[in-house]
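One structure below.
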Amino acid sequence: MAKISLYAVAAAIALATNVDAFVGPSPAVKSSSLHMSAYPTSAEDILWTPSWKTGERDEVNGALGKYCEDLYSVTRRKTRTVTCGPIKFGSDHPIVRQTMATTDTANVDASIEQIIRCADKGFDLVRITVQGKREANAAAKIREGLFKKGYDIPLCADMHFQPVVAQLVADAVEKIRINPGNFADGRKDFEEKVYESEADYVKEREYLAEAFIPLVQKCKELNRCMRIGTNHGSLSSRVLSYYGDTPRGMVESAIEFADICRSQDYHNFVFSMKASNPLVMVQSYRLLASEMYRLDWDYPLHLGVTEAGEGEDGRMKSAVGIGTLLADGLGDTVRVSLTEDPEFEYEPCNRLSEMSEARLAATNPDSAARQAAVKKYVDTRDITAYSRRTGVLPEKTEEDKVDVSLFLNPNGSVLSSVVPKMLSQDSAPYLYKELGFKTAVGMPFKDIATSDSIFMRTLPAVDDANARTALRRMMEVGTGVIVPAEELKKNPLENAVALMSLTEAAEANGQLPDGAIRLAIEIDGTEDDDLIAKVKDLNPVMVLIGIDPSLSQLHASRRVFELFKANDIDTPAIHHYKTDAADSNNLALELGTKVGSLLTDGNGDGILIEQVGETNFSVDFLRNTAFSLLQGCRMRNTKTEFVSCPSCGRTLFDLQETTAKIQDATGHLPGVTVAVMGCIVNGPGEMADADFGYVGTLPGKVDLYYGKEVVRKSIPNDDAVDALVELIKSYDMWKDKEEVEEEVEEAVAA
């Protein structure tokens with residue numbers, strides 16, 4: 001972060017000469033205000049974007065077309081430049097890294113200190129909460145204090161419910177974030193409205209224009225930046241009633257506010273389409289980008305998965321959403337929302353940006369070569385809807401000695417890589433635990449998050465009775481053991497799945513080594529179309545997709561799935577991801593970006609993570625990471641899903657501490673989603689994605705939700721976690737934590 005810039009010096013002088021930052025416009029601004037009168041002042045005078053719902057937009061602007069610059073290479077979507085103090089958003093500039101302060105904005109000194117830490121860490125912009133005039137005045141003091149210390153990092157005021165306050169704070173900060181769901185229409189109810197016609201719906205635009213036009217004029221006069229930030233969890237009751245809780249509703253809500261900006265010839269704004277569900281988030285951004293292409297708009301995009309959570313799970317979920325869009329060339333600024341101190345958001349934010357920039361074909365010859373090397377194919381994905389390709393699972397026959405139908409899971413499979421030394425008599429009990437088995441009398445049994453199958457490049461010797469017994473016990477309870485065919489020829493294993501490259505399998509006509517029970521095929525993306533079509537006749541139990549390093553993993557994988565679709569191949573496809581990552585957070589970001597970007601399109605039935613080179617992670621860690629990826633992509637739930645906001649100046653309790661307590665108390669409930677919200681702004685709306693909600697409403701008090709409904713109010717903080725547990729029990733969604741069997745403990749300790 002550069003200190004003592006000319007911008008900072010000039011701005012500090014300007015603020016220092018104006019004791020009250022909100023005394024009103026200068027004469028020059030008044031002159032500009034007179035000029036503003038030439039622009040529309042009411043909804044009926046605004047040129048609104050043609051209606052999508054009536055089909056008028058298709059007639060006027062044509063059908064929806066592309067959503068990104070290039071389906072076959074990573075190319076940034078071309079945008080205009082949007083100015084925010086000393087930084088610029090847009091395709092001609094580096095991706096902007098930003099975060100949000102968690103301090104009480106009214107605490108000026110604490111806010112300045114935290115923002116400086118964020119700036120020193122490397123962030124380009126920091127957002128602060130502004131609930132009322134007190135915080136607006138504090139924002140002016142924060143801005144002045146930062147300038148005096150030589151920091152010109154731009155500030156963004158996060159506005160909800162307060163159009164007048166937004167105008168006040170525009171005098172002090174470089175950017176205003178408005179939420180179309182509650183800026184003017186802030187009724188936080190879910191009252192169903194009935195609109196008999198499009199005319200009834202658009203009639204209510206008048207109060208939107210009345211509330212929003214003054215802020216637009218102010219931002220234009222002062223050359224302030226704005227973000228039109230739609231949030232899936234806080235769509236207005238008006239939009240919810242007309243469009244539903246959908247990506248289309250998010251997009252149309254943002255377009256209305258953009259129309260008002262454009263009516264004033266104000267274009268210094270960016271869009272965001274945030275959701276806690278990465279699939280909804282990805283679909284919403286792609287839909288907005290596609291709409292902007294057909295409307296000939298070029299506004300930048302701010303990317304983020306809201307309420308992502310903490311730790312590897314929070315990073316994974318963020319990477320799935322943000323990484324997928326960056327791989328499409330979409331996104332000009334990024335915020336990773338974690339339930340952690342804001343400084344900790346920098347590393348994942350920066351890493352995702354670096355990974356994106358490294359993929360760009362225009363500036364990276366190696367990446368361009370890998371993308372160009374992918375054989376030609378036609379991308380037919382429908383970005384307006386999510387549809388998962390589901391592979392047909394294997395079926396057990398009368399001749400089968402083990403249940404092959406359990407080798408994979410219909411909701412997404414996890415395969416674990418195992419080496420022979422893990423199967424020794426002393427190590428096998430550890431391995432069972434690492435693979436997620438329950439045990440009884442030393443025998444393994446599958447549980448909800450047990451690896452479905454294991455992958456072994458080499459087998460223990462035929463005369464290693466203990467290791468072979470461990471393998472047999474796992475196979476007897478439905479665990480597949482996948483081994484290269486060449487290894488099985490040298491070292492046979494009864495009932496193993498023989499793995500062959502597609503070329504080898506085609507040449508052998510699917511002939512299995514002695515003792516093998518089924519065939520698995522590995523595809524690396526170099527195969528031609530006719531060879532891939534042969535998968536159908538070979539009828540393998542699964543296909544492992546492990547793309548050759550000379551090819552773009554994203555595009556080569558998409559090609560494989562397009563060929564599967566064209567040839568009606570319904571074999572389960574497992575992503576075989578090889579990694580040399582040494583850091584758990586980086587691994588989560590890699591998986592979310594590189595595999596999550598395929599799973600968000602519904603392409604893939606599971607994941608195998610294989611470490612190459614030095615072993616940095618345990619089998620248990622990689623298994624849990626794989627299950628987290630599937631859960632983050634809304635495939636297979638093996639633990640409680642938490643939607644937790646990242647905290648900000650509005651938060652009414654210690655969010656990190658409270659979230660940890662709730663996770664400890666309720667983290668063993670797969671299929672249950674719990675939302676933890678620090679305040680009411682992102683509270684009720686986000687309950688749409690959750691079964692139960694824990695929302696701060698007053699200092700020291702919490703409200704509990706079931707779905708969108710408040711069921712208990714004003715519970716003291718000290719009692720609220722226990723009350724949440726009782727609420728879950730009352731809806732028959734609770735189960736007690738299972739005690740670890742003593743014999744498992746003894747076996748592992750032996």
Side-chain angles (χ1 to χ4, degrees), residues 388-418 423 431-432 435-440 443-456 459 467-485 487-489 491-500 502 505 508-523 534-545 564 568-576 604-608 623 626-627 630 635-638:
R388 185 186 155 210
R389 174 195 178 274
T390 304
V392 176
L393 300 186
E395 295 182 356
K396 186 178 185 294
T397 66
E398 290 183 4
E399 295 78 23
D400 292 336
K401 296 177 182 176
V402 296
D403 192 349
V404 299
S405 68
L406 300 178
F407 288 3
L408 298 172
N409 186 287
N411 297 314
S413 302
V414 168
L415 281 61
S416 292
S417 181
V418 170
L423 294 162
L431 180 62
Y432 294 153
L435 291 170
F437 286 100
K438 289 181 178 179
T439 57
M443 302 291 288
F445 295 92
K446 277 191 169 181
D447 198 4
I448 191 169
T450 306
S451 298
D452 299 289
S453 292
I454 63 173
F455 171 67
M456 299 191 71
L459 287 169
R468 292 280 170 149
T469 297
L471 285 173
R472 177 175 53 79
R473 286 174 174 172
M474 288 189 284
M475 286 191 279
E476 286 173 348
V477 294
T479 304
V481 179
I482 304 156
V483 183
E487 173 68 10
L488 287 174
K489 290 175 183 176
N491 203 359
L493 176 67
E494 194 75 15
N495 299 317
V497 176
L499 178 66
M500 300 182 189
L502 179 52
N509 199 27
Q511 184 70 36
L512 298 176
D514 290 343
I517 193 171
R518 290 288 193 280
L519 171 69
I521 286 175
E522 188 156 36
I523 290 177
K534 291 183 179 180
V535 171
K536 189 177 182 70
D537 294 331
L538 290 167
N539 193 30
V541 71
M542 68 184 78
V543 171
L544 301 186
I545 300 178
F564 280 6
D568 296 320
I569 296 170
D570 55 12
T571 306
I574 307 298
H575 293 288
H576 186 177
D605 298 282
I607 175 75
L608 162 62
R623 173 180 60 87
F627 276 116
L630 297 184
M635 291 175 66
R636 183 175 175 183
N637 287 329
T638 52

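One is the number of the first residue; the rest follow in order along the sequence.
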One should read off an interatomic distance between N495 CG and R518 CZ, to the nearest 0.5 angstrom, of 10.0 Å
Heavy-atom closest pair (S413 atom, N409 atom, distance to 0.1 Å) is OG-N, 2.7 Å
Smallest heavy-atom separation, S451 atom then R623 atom, equals OG-CD, 3.3 Å
Using the side-chain contact (heavy atoms from CB on, under 4.5 Å) rule, take L488 and L493 through it: C-alpha gap first, then chi angles, then the decisive distance, then the call.
-> CA-CA 6 Å; L488 287 174; L493 176 67; 4.0 Å; yes
Closest heavy-atom pair, V483 versus A496, reported as atoms and distance to 0.1 Å, is CG2-CB, 4.5 Å
On a heavy-atom basis, the closest approach of A449 and F627 is O-CE1, 3.1 Å
Query raised in the report: With distance as the sole criterion, is a donor-acceptor pair present between the side chains of D447 and T450 under 3.5 Å?
Result: no
When rounded to the nearest 0.5 Å, the distance separating CD1 of I517 from CZ of F407 is 5.5 Å
| Should the pair R388-D605 be classified as a salt bridge under the 4.0 Å nitrogen-to-oxygen rule? | yes
- Task: Walk me through it: do L471 and L459 pass the test side-chain contact (heavy atoms from CB on, under 4.5 Å)?
- Result: CA-CA 10 Å; L471 285 173; L459 287 169; 4.2 Å; yes
- Task: Tell me, yes or no, whether the heavy-atom count around K396 atom NZ, taken from other residues, nucleotides or ligands under 6.0 Å, exceeds 12.
- Result: yes
Value for CG (L608) from CG (L544), rounded to nearest 0.5 Å, stands at 6.5 Å
Separation between OG (S453) and CG (L408), nearest 0.5 Å, reads 5.5 Å
Notebook entry, point to check: With side chains defined as the heavy atoms from C-beta onward, is the minimum distance between F564 and I523 less than 4.5 Å?
Noted result: yes
Closest heavy-atom pair, L512 versus A498, reported as atoms and distance to 0.1 Å, is CD2-CB, 4.2 Å
Shortest non-hydrogen pair, L538 vs G510, comes out as CD2-N, 3.7 Å
So CE of M456 and CD1 of I482: to nearest 0.5 Å the spacing works out to 11.5 Å
| said: Does K446 have more than 12 heavy atoms from other residues, nucleotides or ligands lying within 6.0 Å of its NZ? | reply: yes
Here the gap from T390 atom OG1 to D570 atom CG, rounded to the nearest 0.5 Å, amounts to 10.0 Å
For K534, is there any backbone N or O sitting under 3.5 Å from a side-chain donor or acceptor partner on D537?
no
Original post:
Quick check: does any side chain N or O of E522 sit under 3.5 Å from a backbone N or O of L499, one acting as donor and the other as acceptor?
Top reply: no
- Report yes if the side chains of Y432 and M443 come closer than 4.5 Å at any heavy-atom pair, otherwise no. no
| task | Report yes or no: does K536 contribute a side-chain atom to a donor-acceptor pair with the main-chain N or O of D568 at less than 3.5 Å? | result | yes
If the threshold is 4.0 Å, N to carboxylate O, is there a salt bridge linking R636 and D452? yes
Do the non-hydrogen side-chain atoms of V481 and V418 ever get within less than 4.5 Å of each other?
no
query: Should N411 and M635 count as side-chain neighbours, where that means a heavy-atom distance under 4.5 Å?
result: no
Beyond-backbone contact of M500 with P513, side-chain heavy atoms, under 4.5 angstrom
yes
